[in-house]
Amino acid sequence: MISAFLFRGLAGRIAWVAAFIALLGILVPLSNLMLPSDHALYVPDYIVSLFGKYLTYALLAMALDLVWGYCGILSLGHGAFFALGGYAMGMYLMRQIGSRGVYGDPILPDFMVFLNWKELPWYWYGFDQFWFAAIMVLAIPGLLAFVFGWFAFRSRVTGVYLSIITQAMTYALLLAFFRNDMGFGGNNGLTDFKDILGYTLQNPATRAGLFAAAAFALSLALVISSAIVRSKFGKVLLATRDAESRARFLGYRVEHVKLFVFTLSAMMAGIAGALYVPLVGIINPGEFAPANSIEVVIWAAVGGRGTLIGPIIGAITVNLGKSWFTAQFPEYWLFVLGGLFVAVTVFMPKGMLGTLSSFSDKVKSLKPAPKPSQTEAGEMRKEGEAS
Amino acid sequence: MIDSNTQVTSTLLYLDDVSVSFDGFKAINGLSLAIEPGEMRAIIGPNGAGKTTMMDIITGKTRPDTGDVLFEGQMDLTQHDETEIAQAGIGRKFQKPTVFESQTVRENLELALSGNRGVWASLFYRESEADAARIEEILQTVRLQQRANELASDLSHGQKQWLEIGMLLAQDPKLLLVDEPVAGMTDAETVETAKLLREISKTHSVIVVEHDMGFIRDLDVKVTVLAEGSVLAEGSLDHVSAHPDVIESYLGR
Amino acid sequence: MTVLRALLVCLVTLLASYSTIPAAMADDLKDAINALAEGSLKDREAKVDALLETGDDTVVPVLTYLAEGDLYFRKSDKQVFLADKTGRTFSLTDPISGDVIPDISKRDIKKVRVNNNLRRQIRDGLSLFALNSRDSAKRLAAAETIYKAQDASALPAIEARLAKEQDAQVIAFLQEARAGLTLTSDAPEEAKLSAIEILRDKGGRQALSILNEAAETSEGAVKDAASRAIVAIERMLAIWNGVQNIWYGLSLGSVLLLASIGLAITFGVMGVINMAHGEMVMLGAYTTFAVQQAVQTAAPGLIDYSLLFAIPAAFLVAGAIGFVLERGIIRFLYGRPLETLLATWGVSLILQQAVRTIFGPTNQEVSNPGWMSGAVELAGLSLTWNRIWIFFFALAMFGLLFALLKRTPMGLQMRAVTQNRNMASSLGVKTPWVDAFTFALGSGIAGIAGVALSQIGNVSPNLGQSYIIDSFMVVVFGGVGNLWGTLIGALTLGVANKFLEPFAGAVLGKILVLVFIILFIQKRPRGLFALKGRAVE
Ligand SMILES: Nc1ncnc2c1ncn2[C@@H]1O[C@H](COP(=O)(O)OP(=O)(O)O)[C@@H](O)[C@H]1O
Ligand SMILES: [Mg+2]
């Protein structure tokens, strides 16, 4: 059943894109490790790290679009799930340091020694095991999303209200993680990692491995998401987005639908965060900043919301632009980013992919992008909210 | 409220002394109504009489302040939400046609098709031959075979109404609530719709709300007149249109 | 003791500079001071006593300098001076006239000798000196100082003063000081019991600590009475603490109200999610800064009133930007709230960066005018003027806006358009313009909020960011579309925040409030004061 399900996800252009990403996951590391550095096809180390990071961003953006583009839930808190996944991985990496820290404590991470803590807090137990951390990468964001969504969807908080409380959620977490006594390194977060699964993080081969992991994760998530979107459940998602109360009157339990996709999406975001942390070597509370989460939304919007490939393209394009601008004209990047928000929402609501496919004849092979105008759907939704 | 040893009537839908008010305004006022299995009932009444609100109450969208609403003699509808009521077998067509605009006609019907509504079930759903045949049949019934693969947003107003009726059929409920199905339709479409509803009523119980007298006459069923939230008169169309209160409530405004 | 002395010296010298001394008395005093230069150490004790007797504040620095070994006399005329070493030479200060003679060589002067006996005598004498001051305010302060320092050696002096004292207020203070000392001495039980009563009525932290000590060291009736008094004082303290917290909370609430009141219009009334709202506030604060700079250069005399110019300026600047924002972007997005949210977020980034480019990324200094600085003491509470002004300013803004919406034709049009656009437009209301002006009004008010907020916090490009989430929380909590809800919401959240702080700390308190609101919205998605019915939609 599962394989049949996944097979459905491989339909159409998704199969090609997923295969392409997986192939990158093989070829880029190979080129980086095997080719001499003067070879035309050689991929330098920093590109591997940089694009590895972009791939995790792409995964995050795609996860967000699964709830926003397909289910109409504009989450301004996905950065929180990403960061939680990152912290779970960071805790594992922290414990791998062992007695190689500045203070040489075999158990306690440096910041705890610095704060004069005598023993490891209970919630750090188990993080010395990779398998445990890996489970937590999924479980913690998933659990938060589940609990949060359970309350929110059951009480039918929708639209901007939902957006605003998701933003408040990540803001509250931001404040919390800044506190030293939370036991997550406070302001500085977790850093100075040494190795992962026994491989030194500084080693190019490890980086290449992490790149491959990010590429495979993205590719797999793409196929799973595509399978979901193409199933009948995917149609229910769109139905929920376009006319929530109609879906209810058809007998669908809309809150379960939302809860499922929200939780799943949060878990994907958690994975993205977990892959991101070893690549960049640090995780700190700044990742919870509301501005981060909302930036993810613009990646998805630029690429094309309501599609799966769009957010991937959007995340990579915007971040390439960001890297270039912040190097060349650091003062202008925020103008560009701000302008992007305005331009995309006003002039290009379907994003790059949607706009492109409007010109192409192959509209049918794609999921139709959401209508820029929500008027019909919007009014309908209102009718559903009357009570 | 009804306890287990009270007799269970054969009535399909039973509203008893239902009232609801919005900010002090009584939209439904002591409304009582009984629908028998297999019956088709037309409900008429001036604008603001509370017809749509009545449907809201039956489908769980609005909670009545007082009164009982029983389905099949035992299910207290005031205690259930929209989803549960829909799953129990009450389908509804909105006054304003609402279909899933960004999906095709066929997908709309697929969504409505009766079956397990759970998350897992829909994730792993594969269309069976029976389901496909059923959709074909409905497409024919609502005369949309030609447009099955077009987006619902591209349909004309009348076609959207039909698609919605088609979705009701696919849902296969025991009771259909149809709110102003011919609003905005051409005369020809109206006649077709009346035919369609009569056909449907052979196998389902139906409540139709409509303004259009010609349409009601075409349906040729028992009529309930609603005004200011309660029943004014009940009987054949000729009977109610001769009723002095009805004449007053329609012409006296 | 040294602290006590330092306090006394400060106090006394400060006040001394204001007192003018009659010429004849000054001469006697001068002789008495100069007499210090002569005679043996033994004689000097009597001379110090004589100086203390005068009750004149001039002697305080003289004796202080003497005790420190900084009192010198000039060899040529045996005149006594306060000497301060500046580099290799001394500067001499005439103790009476205060005249300073700089650059005196060590060879021309000689130190007035002092020993430990003298030092002790001076210290004790000075500490009680102010008790006999001619100025009742100084006596009051002295009694208070003794009370705070719990200096047992002052007891006889207090008794002596009490016998002569006429001023009722000073008597009360002296009695309290005596009570504090009695309680820790080995006085008879009766005296201690009445002392406990006095301290209980006085209240405050100091009384509490004295009573605590008494309760620990004594037994029987005294211990019981002390314990009861402690409970009573603690209750009073808790009440005052509560009152103080309420004020802090109301003050925070008024800041929240200011920040969210414009949002109550753009979001609450118009339904536009303006994420750049915080930046309107920020622009208002920067306008205040710019206006202050301009006034500083153009008319420095008016600097205390620059805020009055800043208010209309901020309103116009933020309002104009709001107008452009509505016409340029938001009007294309009506009916698409999520898109509006994103586009206005983009605008907020642009505005922040623009301000950063123009004014630089660092905080700008906006100074408080004289009439907004300082604090008033009110029965154990200390209220700063800027907070008080902002509190009433926020209420005034609220009242003004309320009147504008409910009582003017413009307000009527605004409400008409937001309630039923089609109907209003068919009645001849120019809905696009009403939209634009309503939005400009909300933005302008945010700008005015910026003027006020510049008075209590940093003016930086990020100013708006720190308010945006809070503002939305207030409006949503209070109930969208309901101005009263915004008022109540802001004050409630402010007070709640301040009441949580002592238990949870500032950050955790804020987190708890956020979590509370998140849960609250899920319980009542339409806020505290929800409008009901179809009209809302
Ligand atoms: N949720 C609601 N809030 C406020 N008033 C309502 C609500 N629902 C219905 N009403 C009012 O109840 C009355 C009946 O409305 P409705 O049932 O739509 O009438 P009909 O469908 O018969 O034209 C109308 O006056 C309407 O304004
Ligand atoms: Mg109706």
Side-chain angles (χ1 to χ4, degrees), chain A residues 1-2 4-5 8 69-70 72 154 156 224 227-261 263-264 306 363-364 367-371 373-377 379-387, chain B residues 20 22 52-53 55-57 59-63 81-104 106-108 110-127 131 149 151-153 160 164 167-168 170-171 173 177:
Chain A
M1 188 163 76
I2 298 283
F5 169 72
R8 183 163 44 197
Y70 287 91
R154 211 181 44 130
R156 303 195 182 174
I224 294 178
I228 290 174
V229 165
R230 274 155 208 273
S231 71
K232 184 174 172 190
F233 182 76
K235 293 171 185 141
V236 179
L237 279 181
L238 294 187
T240 305
R241 177 192 76 191
D242 292 341
E244 179 172 330
S245 86
R246 189 80 191 90
R248 269 207 183 92
F249 285 116
L250 281 182
Y252 288 101
R253 191 142 289 294
V254 169
E255 46 276 31
H256 290 183
V257 171
K258 290 180 174 179
L259 194 55
F260 174 80
V261 64
T263 308
L264 182 80
V363 192
K364 290 286 153 175
K367 263 281 141 257
K371 310 218 75 184
S373 158
Q374 296 182 338
T375 42
E376 292 259 39
E379 273 168 44
M380 168 61 216
R381 204 170 304 159
K382 279 172 186 171
E383 202 176 309
E385 285 166 3
S387 48
Chain B
V20 70
F22 301 106
T52 302
T53 308
M55 293 201 167
D56 287 349
I57 291 173
T59 53
K61 186 174 155 190
T62 301
R63 294 251 172 280
D81 70 3
E82 296 100 312
T83 308
E84 286 162 348
I85 292 172
Q87 288 179 353
I90 299 183
R92 174 175 187 183
K93 195 199 91 51
F94 287 91
Q95 184 166 345
K96 187 171 183 299
T98 41
V99 293
F100 302 119
E101 306 255 340
S102 64
Q103 305 196 53
T104 63
R106 184 187 297 278
E107 283 170 331
N108 268 279
E110 189 187 326
L111 278 166
L113 209 58
S114 58
N116 190 332
R117 299 311 205 203
V119 169
W120 296 113
S122 42
L123 267 176
F124 297 109
Y125 169 83
R126 321 209 96 216
E127 192 177 80
D131 288 349
N149 291 322
L151 290 186
S153 57
K160 280 183 192 170
E164 216 185 342
M167 288 164 74
L168 271 186
Q171 205 180 337
L177 307 178

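Proteins come first, then strands; the chains are lettered A, B, ... in the order of their sequence lines, and each starts at number 1.
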Most chain B-contacting option - heavy-atom pairs closer than 4.5 Å, from A/His256, A/Arg8, A/Arg253, A/Glu255: A/Arg253
Heavy-atom pairs under 4.5 Å with chain A, option from B/Glu84, B/Met167, B/Arg126 with the top count: B/Glu84
Residue among B/Val119, B/Leu111, B/Thr83 satisfying side chain to side chain contact (heavy atoms under 4.5 Å, CB included) with A/Tyr252: B/Leu111
Per-residue contact mode, B/Asp81 against chain A (heavy atom under 4.5 angstrom): side chain
Salt bridge B/Glu82-A/Arg156, side-chain N to carboxylate O under 4.0 Å: yes
Listed partners of A/Phe260 passing ring-ring contact (aromatic ring centres under 6.0 Å, His included), at least two apart: A/Phe233, B/Trp120
Top of A/Gly234, A/Ser231, A/Gly251, A/Ala247 for chain B proximity - count of heavy-atom pairs under 4.5 angstrom: A/Gly251
Set of side-chain hydrogen bond (donor to acceptor under 3.5 Å, both in side chains) partners for A/Lys232, sequence neighbours left out: none
Partner of B/Phe100 by side chain to side chain contact (heavy atoms under 4.5 Å, CB included), out of A/Arg246, A/Lys235, A/Arg241: A/Arg246
CG-OG distance between A/Asp242 and B/Ser102, expressed to the nearest 0.5 angstrom: 3.5 Å
Part of B/Leu113 lying under 4.5 Å from any heavy atom of chain A: backbone
B/Lys61 vs A/Phe249 side-chain heavy atoms within contact, under 4.5 Å: yes
Part of B/Gln171 lying under 4.5 Å from any heavy atom of chain A: side chain
Within-4.5 Å side-chain heavy-atom neighbours: B/Arg117 and A/Leu250: yes
